[in-house]
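Encoded as structure tokens, the structure appears first; notes follow it.
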Amino acid sequence: MPELPEVETIRRGLAATVLGKTITGAEVLTAKIIKAPAPDTFSRLAAGKRIEAIKRSGKYLLLELSEDYTMVIHLRMTGQLNYCPPDTPVRNSTVVIFRLDDGYDLRFVEPRGFGVLYLVPTADLGTVPGLNRLGPEPFSPEFTVDYLADIVRGRKAKIKSLLLDQNLIAGIGNIYADESLFRAGIHPERTAASLAPAEIERLYHAIRTEIAAGIEYRGTSVQSYFDVDGRKGSYQEHLKVYQQTGQPCPNCGAPIQKIKVGGRGTHYCPECQR
DNA sequence: ACGTTGACCTGTGTGC
DNA sequence: TGCACACAGGTCAACG
């Protein structure tokens with residue numbers, strides 16, 4: 001489900017609900033999503049730890065716990081976190097239930113089983129795959145027009161594929177990549193190296209505009225994205241190309257096209273994006 | 001190093 | 001209705 005705006009919305013929801021609470025126990029229903037420590041020791045290690053801070057890095061959620069531990073959660077495509085009373089019926093795609101000292105549950109629901117969970121000493125965060133290699137986020141000080149120019153230089157990859165590379169820019173996924181390229185007027189199959197300086201500058205501002213709008217509208221709910229309280233975001237009401245195949249382009253009226261780029265469904269306006 | 005492709009899973013929607 | 005198939009918000013390993 002979640003790209004940067006959705007994960008940030010979830011982070012804020014967690015800050016409003018579970019921050020400061022203590023995990024009294026953890027029930028592991030699907031062991032395979034727990035990558036560290038060994039699933040049979042996960043519950044024992046989690047129990048008794050207090051949630052002291054809730055951070056986000058790219059699409060990773062980082063729950064800083066007492067005793068210098070950090071829980072790392074990646075929701076991948078369909079993961080959800082639900083904060084709910086313990087008598088709420090347990091959905092069968094629930095993979096872990098955390099019991100909290102306020103009497104509520106925090107439940108990790110993941111129908112496809114792609115999501116991952118790590119509970120590691122904070123000093124070992126570098127051992128979490130992907131997390132240690134993330135590029136700058138769209139709103140970090142290191143993400144500048146010059147940085148974007150640097151990473152596109154000499155690259156033969158299609159610009160859309162490059163935008164999805166978390167090692168180059170952290171947090172953009174399929175929705176915001178398509179929307180950013182539309183806003184910048186750039187065809188998704190252009191090679192990165194072919195972008196002119198003015199296009200790089202437009203793309204830079206488009207990315208930041210789209211990510212900021214996504215956060216403002218509390219994320220995009222196209223299929224299964226819900227925040228910790230089960231609410232949908234509303235940015236799907238403002239999408240201009242993503243999942244708008246055949247709809248008129250809001251700029252020129254031409255029908256939005258769908259193609260595959262790097263194996264991902266890709267939506268664009270054939271008139272406005274060159 | 002870079003770029004592309006397939007695999008990982010289950011649920012849902014579409015077309016026959 | 002039933003069935004087969006394509007596709008899904010992400011990442012990683014394997015290959016050329």
Side-chain angles (χ1 to χ4, degrees), chain A residues 1-11 29-36 56-61 72-81 91-95 108-118 127-135 137 150-181 188-194 210-211 213-215 217-227 232-239 241-246 258-267:
Chain A
M1 62 197 222
E3 307 179 29
L4 192 157
E6 291 73 38
V7 180
E8 174 62 18
T9 302
I10 291 167
R11 189 198 68 76
L29 308 181
T30 303
K32 89 170 183 167
I33 68 139
I34 296 176
K35 306 302 179 184
R56 181 191 53 73
S57 194
K59 302 172 192 172
Y60 293 81
L61 281 166
V72 181
I73 303 172
H74 198 301
L75 301 167
R76 293 289 176 97
M77 305 272 266
T78 52
Q80 296 172 37
L81 293 172
R91 299 163 61 184
N92 46 16
S93 48
T94 305
V95 291
F108 188 0
V109 176
E110 224 305 32
R112 283 170 86 174
F114 285 176
V116 295
L117 199 48
Y118 291 81
T127 65
V128 176
L131 182 60
N132 46 356
R133 296 202 181 133
L134 289 178
E137 303 196 358
D150 279 346
I151 61 173
V152 302
R153 187 170 299 128
R155 293 253 185 179
K156 292 189 184 131
K158 291 167 181 152
I159 185 61
K160 163 141 184 194
S161 298
L162 191 125
L163 292 183
L164 294 176
D165 187 339
Q166 303 300 299
N167 301 329
L168 299 176
I169 307 169
I172 301 175
N174 212 29
I175 298 171
Y176 297 95
D178 282 4
E179 293 295 319
S180 297
L181 287 167
E189 291 183 297
R190 289 271 301 280
T191 66
S194 75
E210 289 297 328
I211 295 291
I215 294 171
Y217 287 97
R218 310 185 71 261
T220 303
S221 294
V222 292
Q223 280 172 22
S224 62
Y225 164 67
F226 299 93
D227 70 10
K232 290 186 170 189
S234 63
Y235 197 54
Q236 66 277 7
E237 297 162 19
H238 304 275
L239 299 176
V241 290
Y242 185 80
Q243 288 201 348
Q244 306 300 309
T245 312
K258 184 175 184 188
I259 56 175
K260 267 205 194 296
V261 178
R264 312 297 305 277
T266 298
H267 313 75

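Within every chain, numbering begins at 1; the chains are lettered A, B, ... in the order of the sequence lines, protein sequences first and strands thereafter.
Between A:Arg264 atom CZ and C:dA6 atom P the separation is 18 Å, expressed in whole Å. If you measure from atom CD of A:Glu110 to atom C1' of C:dT11, you get 12 Å, rounded to the nearest angstrom. For A:Leu75 and C:dA8, the CG to C1' distance is 16 Å, given to the nearest whole Å. For the pair A:Leu4 CG and C:dG9 C1', the interatomic distance rounds to 13 Å; values are reported in whole Å. In this structure, A:Ile33 places its CD1 atom 17 Å from C1' of C:dC12, rounding to the nearest Å. A:Tyr60 places its OH atom 18 Å from the P atom of C:dG9, with the value rounded to the nearest Å. Following rounding to the nearest Å, A:Ile151 (CD1) and B:dA1 (C1') show an atom-to-atom distance of 16 Å. Between the CD1 atom of A:Ile73 and the P atom of C:dT11 there is a distance of 15 Å, given to the nearest Å.
The closest donor-acceptor contact from the side chain of A:Glu8 to the backbone of A:Glu6 lies at 3.5 Å or more, if one exists at all. One N or O on the side chain of A:Arg56 and one on the backbone of A:Gly58 form a donor-acceptor pair closer than 3.5 Å. Using a distance-only test at 3.5 Å, with no hydrogens or angles considered, a donor-acceptor pair links the side chain of A:Ser221 to the main chain of A:Gly233. A donor-acceptor pair under 3.5 Å is formed between the side chain of A:Glu179 and the backbone N or O of A:Tyr242. Under a 3.5 Å cut-off, the side chain of A:Ser180 and the backbone N or O of A:Ala177 do not form any donor-acceptor pair. Remark: the backbone N or O of A:Leu134 is not paired with any side-chain donor or acceptor of A:Gln166 at under 3.5 angstrom.
Counting non-hydrogen atoms under 4.0 angstrom, A:Gly263 reaches nothing in the nucleic acid.
The shortest distance between the side-chain N/O atoms of A:Gln166 and the OP1/OP2 oxygens of C:dG10 is not below 4.0 Å. For A:Lys59, a side-chain nitrogen or oxygen approaches OP1 or OP2 of C:dG10 to under 4.0 Å. Residue A:His74 places at least one side-chain N or O closer than 4.0 Å to OP1 or OP2 of C:dT11. For C:dA8, one of the phosphate oxygens OP1 or OP2 lies less than 4.0 angstrom from a side-chain nitrogen or oxygen of A:Lys258. Taking 4.0 angstrom as the limit, A:Lys260 places none of its side-chain polar atoms (N or O) nearer than this to OP1 or OP2 of B:dT4.
Atom NZ of A:Lys232 has 12 or fewer neighbouring heavy atoms from other residues, nucleotides or ligands inside a 6.0 Å radius.
With no hydrogens or angles considered, no side-chain donor-acceptor pair links A:Tyr225 and A:Glu3 at under 3.5 Å. A side-chain N or O of A:Thr220 and one of A:Tyr176 form a donor-acceptor pair less than 3.5 Å apart.
Tested against A:Lys160, the residues A:Ile172, A:Asp178, A:Ile259 include a single side-chain contact (heavy atoms from CB on, under 4.5 Å) partner, A:Asp178.
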(request) Report, as a single string ordered 5' to 3', how protein heavy atoms within less than 4.0 Å touch nucleotides 8-14 of chain B: B base, S sugar-phosphate only, - not at all. (result) BBB----
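Relative to the side chain of A:Ile175, the nucleotides C:dG9, C:dC12, C:dT11 differ in distance, and C:dG9 lies closest. In this structure, the nucleotide among B:dC2, C:dA8, C:dG10 sitting nearest to the side chain of A:Tyr242 is C:dA8.
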(request) Using a 3.5 Å limit on both pairing distances, list the dot-bracket string of DNA chain B from the 5' end; Watson-Crick and G-U wobble pairs count, crossing pairs take [ ], interstrand pairs take |. (result) .|||||||.|||||||
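Between B:dG3 and C:dG9, the two P atoms lie 22 Å apart (nearest whole Å). Spacing between B:dC9 and C:dC3 at atom P, rounded to whole Å, works out to 25 Å.
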